[in-house]
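Order of the sequence lines sets the chain letters (A, B, ...), proteins ahead of strands, with each chain counted from 1.
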Amino acid sequence: MGNCLKSPNTDDISLLRGSDAGPEVSSEQSANMGPPPPYQESIPIYHPSPNVSRPANQLTEEEQIKIAQRLGLINHLPTGVFDGTSKKAKECCICMEEFLLGDMLRFLPCMHTYHKDCIDDWLMRSFICPSCLEPVDAALLTTYETS
Amino acid sequence: MAHDQSSLLLRKQLRDLNKNPVEGFSAGLIDDDDIFKWEVVIIGPGDTIFEGGVFKAHLTFPKEYPHRPPKMKFVTEMWHPNIGPDGSVCISILHEPGDDKYGYEQASERWLPVHTVETILLSVISMLADPNDESPANVDAAKMWREQPDDFKKKVGRLVRKSQDEL
């Protein structure tokens, strides 16, 4: 899963480093506990399995691997900007809002399209397409095999 | 999803349900200032033993809606295998999303972010008509439903009449 390490998302980099660096990280984090910059969430919360929600620094090793893999897979899914040319994709069925010019979109292998923010949050909880229930990882593998 | 987005989505649904009511239930807020707490009234589906009943329930949405499911609890006294003794509704679409390692329930059977108040209530209405006794929330009700269907029917009939009196 080398790709996860190169991911542009800084959250998962710190997550993966945390497993190597051990307790030093937490002391470093508590030293930096001042008011965070407005664009940065303090410590991301992850949902490794139903009814389990934990901050990134309290995940078990197994959960860290699962989440790092998930982040990596999501980053492989194509994104785009809504330009109004697609006749099929008009509305995000998660937030029920119509796509507006310039909205960031994410395309799933099953061809369903959502707002990037809406579907990314969902896929971290459950890796299935909310519209057709197709498991996204299975569909990703099929895409690799055929291409 | 940010809090204001979840409240926007709930407001939109409330507006739509007010404009185009759906047969079988009515929905509103418990307190006009709290969009996350709904009160719904379900009409017992026709041709079932719940016919004629008027059942009140509360839906409590988390701030993370629609990424997480609401909790639903009947306020009216109920007797049903999939409704706990405290009134809480136990159906798979209201279970937290994801795949559990024990494989107890498929991710596809659990909560989906495309569910709305309408789709939830339609599922609950169909649950009333068609109990699932594989994982009962009320073991005694499930046992009675399976082994003494006549007693079950009588008990539900009494609750249906009681629900009408409470109107």
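Nearest approach of A:I94 to B:P66, heavy atoms of both residues: O-CG, 3.6 Å. Summarising the geometry of A:M96 relative to B:K12, their closest heavy-atom pair is O-NZ, 3.0 Å, with the distance given to 0.1 Å. Between A:W122 and B:W111, the closest heavy-atom pair is CH2-O, 3.1 Å.
Looking at A:P50 and B:H95, their side chains never come closer than 4.5 Å, going by heavy atoms from C-beta outward.
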>> For a side chain to side chain contact (heavy atoms under 4.5 Å, CB included) check, start with the C-alpha distance between A:E97 and B:Q5, then their side-chain angles and the critical distance, and finish with the verdict.
In response: CA-CA 10 Å; A:E97 297 291 337; B:Q5 275 173 301; over 6 Å; no
>> Could you walk me through whether B:D99 and A:K66 satisfy the side chain to side chain contact (heavy atoms under 4.5 Å, CB included) test, starting with their C-alpha distance in whole Å, then the side-chain angles of each, then the deciding distance to 0.1 Å, before giving a yes or no?
In response: CA-CA 12 Å; B:D99 15 49; A:K66 185 176 174 184; 3.6 Å; yes
>> Working note: B:H67 + A:H47, criterion side chain to side chain contact (heavy atoms under 4.5 Å, CB included); need CA distance, chi angles, decisive distance, verdict.
In response: CA-CA 11 Å; B:H67 291 298; A:H47 319 278; over 6 Å; no
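In B:D47, the CG atom is not crowded: 12 or fewer heavy atoms of neighbouring residues, nucleotides or ligands sit closer than 6.0 Å. Shown here is A:M111, whose CE atom has no more than 12 heavy atoms of other residues, nucleotides or ligands within 6.0 Å.
Cluster annotation: A:V81 and A:Y114 are assigned to distinct hydrophobic clusters (Ile/Leu/Val/Met/Phe/Trp/Tyr, side-chain heavy-atom contacts under 4.5 Å, transitive). Following chains of ILVMFWY side-chain contacts shorter than 4.5 Å, one can reach B:I120 starting from B:L29, so the two form part of one hydrophobic cluster. Linking ILVMFWY residues whenever their side-chain heavy atoms come closer than 4.5 Å, directly or via other members, places B:W38 and B:F36 in the same cluster. Cluster membership for B:L10 and B:I93, using ILVMFWY side-chain heavy atoms within less than 4.5 angstrom, is shared. The same ILVMFWY cluster, assembled from side-chain heavy atoms under 4.5 Å apart, contains both B:L14 and B:V124.
For the options B:S108, B:A107, B:G98, heavy-atom pairs under 4.5 Å to chain A are most numerous at B:G98. Ranked by heavy-atom pairs under 4.5 Å with chain B, the list A:S126, A:P135, A:S131 is led by A:S126.
Note that CD of B:E109 and CD1 of A:I128 are 10.0 Å apart. Values are rounded to the nearest 0.5 Å.
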